[in-house]
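Keep in mind that the numbers below use all heavy atoms, side chains included, and drop hydrogens, waters and symmetry copies. In each ligand, atom 1 is the first atom listed, and ligand 1 is the first ligand listed.
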Amino acid sequence: MGKKVTVVGAGFYGSTTAQRLAEYNLFDTVVLTDIIEGKPEGIALDINQSRPIEGFETRVVGATTGQSGEGYEVIGGSDIVVITAGLPRKPGMSRMDLLEVNARIVRGVAENIARYAPDAVVIVVSNPLDEMTALTQLATGFPHRRVLGQAGMLDTARFTHFVAEALAVPIGSVRTLTLGSHGDTMVPVPSQCTVSGKPLTELLPADKIEELVARTRNGGAEVVALLKTGSAYYAPSAAAARMARAVAADSGAVLPVCAWVDGEYGIAGGYLGVEAEIGAAGVRRVVETKLTEPELAALHEAAEAVRAKQAYVAAL
Ligand code: APR
């Protein structure tokens, strides 16, 4: 039996994620849902009509769901559910400005997932990411390892892109790492960054690395400021789809994700951006990497910032 994956929210992020998942030609079915009548059905029909051209057999099923959960039967049996429902940022907004409105949306979606796809691994991408991931775990009641968030893969990809551009080297030669939160307390980790195996710190001066770090931290806002109508979705959907693929293939890939941290790095009980081994059950284990003292201190600071907001969201 092939796998079934659902993408909740058929906006820019959700529709591009559904397209990428379908084009992998790995899943039996990709379900795409939204509360806007006809939008998921229309996008599904459109993607399905690309099947003969792109050459994939996966079928995309679009379905409108109601405010009280009507139509959610369609997600039944999903191995994976990706939550993209929620408002994106407008220029000048921080991800945190979306906290209350997206918390209401994500909580409702999570409760329906718990009811209709109780065995699914849930990948959260709605912002603010770390808080929405924590909220989804609370609202579903799923084990922590089955709820994870997408942020680190995207932040890392942005960092890698900026390094490759700065050094004019192939993207495939660059390895970067970011940990922490998907926001102000993001922790880029230059000590773990390499270009063709050489430490980045030997290839660029500290002030140039700091400039790339700052651009990475501001990576989402830079796109929002240019688009003016919403936030990024090509790189984000690539990251979310790869995470879903690692789960579907039970690959054991070590990816930077938002995962439940319980003792690693000396941090207890919280969702945070870390590297984790991903498999069919979600997070197999959090993988600790060697950090410098300042990097470790920044990671602890990020954990505290996320924890404070998580408590607030839980009480909303
Ligand atoms: N159930 C399903 N879909 C919903 C719900 C809900 N309860 N509430 C809103 N949506 C849908 C909207 O109808 C819209 O089609 O979510 C979609 C969001 O799409 P966009 O506005 O295009 O936003 P997008 O760029 O896709 O970003 C979605 O990802 O990166 C984050 O910050 C971003 O939180 C935002 C999310």
Side-chain angles (χ1 to χ4, degrees), residues 6-21 31-44 46 61-75 78 81-117 122-133 135-136 139-140 149-155 157-158 181-183 186 219-241 243-244 258 313:
T6 291
V7 180
V8 179
F12 287 111
Y13 200 149
S15 56
T16 45
T17 301
Q19 179 195 355
R20 291 184 189 283
L21 290 168
V31 176
L32 180 64
T33 72
D34 204 288
I35 51 170
I36 301 177
E37 173 99 56
K39 188 177 182 183
E41 291 86 348
I43 291 167
D46 195 6
V61 176
T64 305
T65 55
Q67 294 289 359
S68 321
E70 302 88 340
Y72 259 91
E73 312 78 52
V74 71
I75 79 165
S78 294
V81 180
V82 183
I83 304 180
T84 78
L87 268 52
R89 288 195 270 176
K90 296 248 163 56
M93 284 175 89
S94 94
R95 294 185 180 95
M96 212 46 88
D97 294 334
L98 302 168
L99 188 68
E100 280 86 4
V101 59
N102 281 355
R104 271 188 287 278
I105 293 172
V106 167
R107 184 187 290 277
V109 169
E111 286 169 357
N112 282 309
I113 293 170
R115 188 151 168 228
Y116 291 96
V122 184
I123 298 172
V124 182
V125 312
S126 307
N127 275 312
L129 189 275
D130 306 270
E131 290 75 11
M132 293 305 110
T133 306
L135 174 62
T136 298
T140 54
Q150 188 299 115
M153 281 193 75
L154 171 62
D155 296 329
R158 286 176 169 152
S181 78
H182 190 47
M186 184 188 302
E222 185 177 351
V223 176
V224 171
L226 290 165
L227 293 180
K228 296 177 190 73
T229 51
S231 53
Y233 50 95
Y234 284 108
S237 63
M243 283 172 64
C258 176
V313 176

Item to complete: I would like to know whether Thr33 and Val109 meet side-chain contact (heavy atoms from CB on, under 4.5 Å); could you show each step before the answer?
Response: CA-CA 11 Å; Thr33 72; Val109 169; over 6 Å; no
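Residue Asn102 approaches ligand 1 through these ligand atoms, each under 4.0 Å from one of its heavy atoms: 34 (O). Ligand 1 places these atoms under 4.0 Å from at least one heavy atom of Val8: 2 (C). Close contacts of ligand 1 with Lys39, meaning ligand atoms under 4.0 Å from a residue heavy atom, involve 14 (C), 15 (O). Atoms of ligand 1 lying under 4.0 Å from at least one heavy atom of Ile36, given by number and element, are 13 (O). Near Ile105, meaning under 4.0 Å from one of its heavy atoms, ligand 1 places the atoms 5 (C), 6 (C), 7 (N), 8 (N).
One N or O on the side chain of Asn102 and one on the backbone of Asn127 form a donor-acceptor pair closer than 3.5 Å. With Lys228 contributing its side chain and Leu226 its backbone, the two residues share a donor-acceptor pair below 3.5 Å. Distance alone, capped at 3.5 Å, places no donor-acceptor pair between the Thr65 side chain and the Glu70 backbone.
For atom 32 (O) of ligand 1, the closest non-hydrogen atom on the protein side is Asn127 ND2, 3.0 Å. Nearest protein heavy-atom contact of atom 4 (C) of ligand 1 is Ala85 CB, 3.5 Å. Of the protein's non-hydrogen atoms, Thr84 O, 3.4 Å is the one closest to atom 36 (C) of ligand 1. Given atom 29 (O) of ligand 1, the protein heavy atom at minimum distance is Tyr13 CD1, 3.3 Å. The closest protein non-hydrogen atom to atom 21 (O) of ligand 1 is Pro88 CD, 3.4 Å. With respect to atom 15 (O) of ligand 1, the closest heavy atom belonging to the protein is Asp34 OD2, 2.6 Å. Of all protein heavy atoms, the one closest to atom 1 (N) of ligand 1 is Ile35 CG2, 3.6 Å. In this structure, the protein non-hydrogen atom closest to atom 19 (O) of ligand 1 is Gly11 CA, 3.1 Å.
Nearest-heavy-atom check against atom 35 (C) of ligand 1 across Val224, Asn112, Val109, Leu87 picks out Leu87.
Applying the salt bridge (charged side-chain N to carboxylate O under 4.0 Å, His left out) definition to pairs two or more places apart or across chains, none involves residues 9-19.
Residue contacts with ligand 1: Thr33 is excluded, as none of its non-hydrogen atoms falls under 4.0 Å. In this structure, Arg95 falls outside the shell of residues with a heavy atom less than 4.0 angstrom from ligand 1.
If you look at Thr65 next to ligand 1, there are no close heavy atoms at all, none under 4.0 Å.
Under 3.5 Å, the side chains of Asp155 and His182 contain a donor-acceptor pair of N or O atoms.
Note: an N/O pair closer than 3.5 Å links Phe12 and ligand 1 by distance alone.
With rounding to the nearest 0.5 angstrom, the CD atom of Glu131 is 7.5 Å from the OG atom of Ser181.
Residues Tyr72 and Val8 are in side-chain contact: their nearest non-hydrogen atoms beyond the backbone lie under 4.5 Å apart. Within the 4.5 Å cutoff, the side chain of Leu98 has heavy atoms near those of the Met93 side chain. Asp34 has its side chain out of reach of Ile43: every pair of non-hydrogen atoms, C-beta onward, lies at least 4.5 Å apart. For the pair Leu87/Ile105, a side-chain contact is recorded, criterion being any heavy-atom separation below 4.5 Å from C-beta on.
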